[in-house]
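All remarks here apply to the structure that follows.
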Amino acid sequence: MGNDRPYVAAQSVPAARAAITTDTPALLPLLGDFDPGVRVDAAYVLATAADPNHTVRTALANGFAAERDAMVRAALLFAIAEITRAHPHPATVTWLRERWYDRAEAPEVRLAAGIGWLCLTEQEARAGSDRRVVEFCERSQIGSQ
């Protein structure tokens, strides 16, 4: 392979994003599928779509509001954070922070919100927040597989 050929990933990633964006109308209903695994996968796939009109972000947020499964809620927050990284939306950044500090949320959901918020902002977290994230990961044995 010569240096004059473009790197494959430079072409394949935008092509995949374009395909997902084109298929967004077919993917959005999967956020309401009966299978939690399908809902998680749909959130992750939709997070890569172009979303200039905030259609996907709105669908993910609506899915979050209706969802009762903590792991699916966490996946939806990660997807919301990812799409917000690609298409900045300050109100969503604030909303993620509120989810992080909401003690009524399941620990998995709060962790996802905290990570999402930290990836989107330069602001400092509340004192002790980083310690709480580490303690949660240790209690949950996240990363110990």
Output for pair (Thr92 OG1, Ile83 CD1), nearest 0.5 Å, gives 10.0 Å
Which atom names give the shortest non-hydrogen contact between Pro29 and Ala26, and what distance separates them?
CD-O, 3.5 Å
Minimal heavy-atom distance between Ala74 and Ala112, with the atoms involved, is O-CB, 3.5 Å
Of all heavy-atom pairs linking Ala59 and Leu28, the shortest is CB-CD2, 3.5 Å
Per the side chain to side chain contact (heavy atoms under 4.5 Å, CB included) rule, which among Leu60, Val72, Leu96 passes with Leu77?
Leu96
Nearest 0.5 angstrom please: Leu30 CG to Leu46 CG, how far?
8.0 Å
So does Gly37 get a backbone contact from the side chain of Asp35, meaning a donor-acceptor N/O pair under 3.5 Å?
yes
So, taking the atom named CG in Leu76 and the one named CD in Glu67, what distance separates them when rounded to the nearest 0.5 Å?
6.5 Å
Which atom of Ala70 lies closest to which atom of Glu108, heavy atoms considered
CB-OE1, 4.1 Å
Taking every heavy atom of Arg17 against every heavy atom of Ala49, the minimum-distance pair comes out as NH1-O, 4.4 Å
Does Thr121 reach the main-chain N or O of Trp117 with its side chain, forming a donor-acceptor pair under 3.5 Å?
no
Report the distance from atom OG1 of Thr84 to atom CG of Leu120, rounding to the nearest 0.5 Å.
6.0 Å
Return the minimal non-hydrogen interatomic distance between Leu31 and Ala43, and the atom names on each side.
CD2-N, 3.8 Å
Met71 with Val45, same ILVMFWY side-chain cluster at under 4.5 Å:
no
What's the separation between atom NE2 in His89 and atom OG1 in Thr58, rounded to the nearest 0.5 Å?
7.5 Å
When clusters are formed by joining ILVMFWY residues with side-chain heavy atoms under 4.5 Å apart, either directly or through shared neighbours, do Phe64 and Tyr44 land in the same one?
yes
Measure from the side-chain N and O atoms of Asp51 to the backbone N and O of Val56, and report whether any donor-acceptor pair falls under 3.5 Å.
yes
How far apart are the C-alpha atoms of Arg99 and Arg73, what are their side-chain angles, what is the distance that settles it, and do they pass the side chain to side chain contact (heavy atoms under 4.5 Å, CB included) test?
CA-CA 11 Å; Arg99 299 293 66 73; Arg73 287 171 66 83; 5.5 Å; no
Are the side chain of Arg39 and the backbone N or O of Gly32 linked by a donor-acceptor pair below 3.5 Å?
no
I need the Leu118 CG to Arg97 CZ distance, nearest 0.5 Å.
9.0 Å
